[in-house]
Engineer: 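So that we are looking at the same thing, I have put the structure below in structure tokens.
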Amino acid sequence: MSAVNDDANAGTTVVREAHRFDEAALARWLEANVEGYQGPLTVEQFKGGQSNPTYKLVTPGRSYVLRRKPPGNLVSGAHAVEREARILSALGPTGFPVARVYGLCTDENVIGTWFFVMEMVEGRIFWDATFPNVSREERPAYFEAMNKTLASLHQVDPEAVGLGDYGKAGNYFARQISRWSRQYLEDEDAGRDQDMDRLIEWLPANIPEGDEVSIVHGDFRCDNMIFHPSEPRVLAVLDWELSTLGHPLADFAYHAMMYRMPPNIVAGLAGADLEALNIPSEQDYVSAYCRHTGRTSMPGYDFYIAFNYFRLAAIFHGIKGRVLRGTASSAHAKERAKSFPILARLAREAMEACG
């Protein structure tokens with residue numbers, strides 16, 4: 001993304017009017033539920049994040065991060081902060097890079113919505129998929145780190161970490177297409193789009209054969225990771241709201257979609273000179289994931305890309321609806337809402353490219 005987008009996403013700001021809450025009530029909850037907590041408390045709001053408002057809790061001894069459901073009427077099943085807290089707590093003991101969870105609150109009387117508090121992991125977030133502040137020689141190592149991190153997630157046994165019931169096993173594409181189609185159709189405020197309507201017809205009839213089940217992140221992008229301050233190493237994967245049990249290749253294709261994504265929408269590489277930047281090609285990146293997971297190839301990859309464009313378009317359609325209703329959590333959600341028809345068109349073009 002551009003430097004303008006970096007400024008819009010990075011760092012914190014004063015808590016926005018729509019997302020304020022009783023900070024004294026939160027401090028009392030922290031004292032009672034977070035071991036070692038000592039005030040006084042200062043609350044700031046992170047600029048980034050489209051769905052769940054996220055806050056930095058500053059105390060003299062340490063800082064924490066709070067994630068909450070947004071206020072207002074919510075789409076059924078969305079903004080499930082309790083699921084985020086659960087998967088972070090389950091993955092932590094495996095050594096997978098996640099922040100430590102200190103507590104979950106399902107009492108709406110505290111700050112008005114459910115929330116959880118987790119560790120503040122210090123490091124770097126790259127909002128630009130070209131990794132502009134990394135040397136040309138080091139860039140391949142950062143892409144390898146992302147690739148290996150996602151591959152390692154897909155190799156975690158859900159049953160072994162207590163996540164066997166974290167989602168329905170099997171039929172992932174059919175269920176996801178149904179879910180996002182329903183949310184798109186039910187959000188009347190955001191309106192209809194001809195490209196989305198065509199995708200809703202086409203996708204269910206063209207799902208590739210074969211099924212697999214793993215833990216999937218659902219929004220695995222470079223800007224949802226905290227990297228070591230100076231090394232090509234992922235310290236924490238963020239934003240697990242869309243995680244579930246699903247098809248690992250859908251999860252990987254969403255991540256690899258960065259190669260085709262316009263950088264003004266989300267962190268993308270479309271139009272970038274990969275050779276000059278010393279970034280692996282899309283084909284090489286797919287091959288690396290196959291190598292890390294013991295695969296020989298990835299049949300159906302073009303469908304997975306079309307599905308993920310559709311899914312992201314549906315998510316942006318939801319952002320558009322929240323903007324119109326005045327409940328969007330991000331300061332630049334209006335710009336995201338404007339990108340919805342572009343994503344819908346890209347999804348249809350990807351569908352047509354499947355032949």
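Small disclaimer: the values here were computed from a predicted structure and weren't measured. Numbering starts at 1 and runs along the sequence shown. Hydrogens, waters and symmetry mates play no part in the numbers below; they use all other heavy atoms, side chains included.
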Engineer: State, to 0.1 Å, how close Ala190 and Gly321 come at their nearest heavy-atom pair, and which atoms those are.
Structural biologist: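 Ala190 and Gly321 have their closest heavy atoms at CB-N, 3.8 Å.
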
Engineer: Determine which pairs satisfy salt bridge (charged side-chain N to carboxylate O under 4.0 Å, His left out) with at least one residue from residues 198-207, sequence neighbours left out, and list them in order.
Structural biologist: Arg198-Glu201

Engineer: Say whether Arg68 and Tyr55, considering side chains only, have a donor N or O and an acceptor N or O under 3.5 Å apart.
Structural biologist: yes

Engineer: Taking the ring centre of each residue, are His255 and Tyr285 less than 6.0 Å apart?
Structural biologist: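 Aromatic pair counts; centres sit under 6.0 Å.
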
Engineer: Does this structure show an ion pair linking Asp239 with Arg67, if we count only N-O contacts that are shorter than 4.0 Å?
Structural biologist: yes

Engineer: Would you mind listing the cluster partners of Val58? Hydrophobic ones only (ILVMFWY), side-chain contacts under 4.5 Å, chaining allowed.
Structural biologist: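 Direct or chained contacts put Val58 with none.
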
Engineer: Say whether, by atom type as modelled, one donor and one acceptor occur between the side chain of His217 and the main chain of Leu238 under 3.5 angstrom.
Structural biologist: yes

Engineer: Show me, pair by pair, the donor-acceptor contacts under 3.5 angstrom made by side chains of residues 347-355, not counting sequence neighbours?
Structural biologist:
| from | atom 1 | to | atom 2 | distance (Å) |
| --- | --- | --- | --- | --- |
| Arg348 | NE | Glu352 | OE2 | 3.3 |
| Arg348 | NH1 | Asp195 | OD1 | 3.3 |

Engineer: If you look at every heavy atom in Leu269 and Ala129, which pair is closest and at what distance?
Structural biologist: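 So the two residues come closest at CD2-O, 3.4 Å.
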
Engineer: Are the charged groups of Glu212 and Arg295 less than 4.0 angstrom apart, N to O?
Structural biologist: yes

Engineer: Are Asp211 and His247 close enough that a side-chain donor and a side-chain acceptor fall under 3.5 Å?
Structural biologist: no

Engineer: Under 6.0 Å from the ring centre and within 45 degrees of the ring axis: does the NZ or CZ of Arg86 meet both conditions for the six-membered ring of Tyr166?
Structural biologist: no

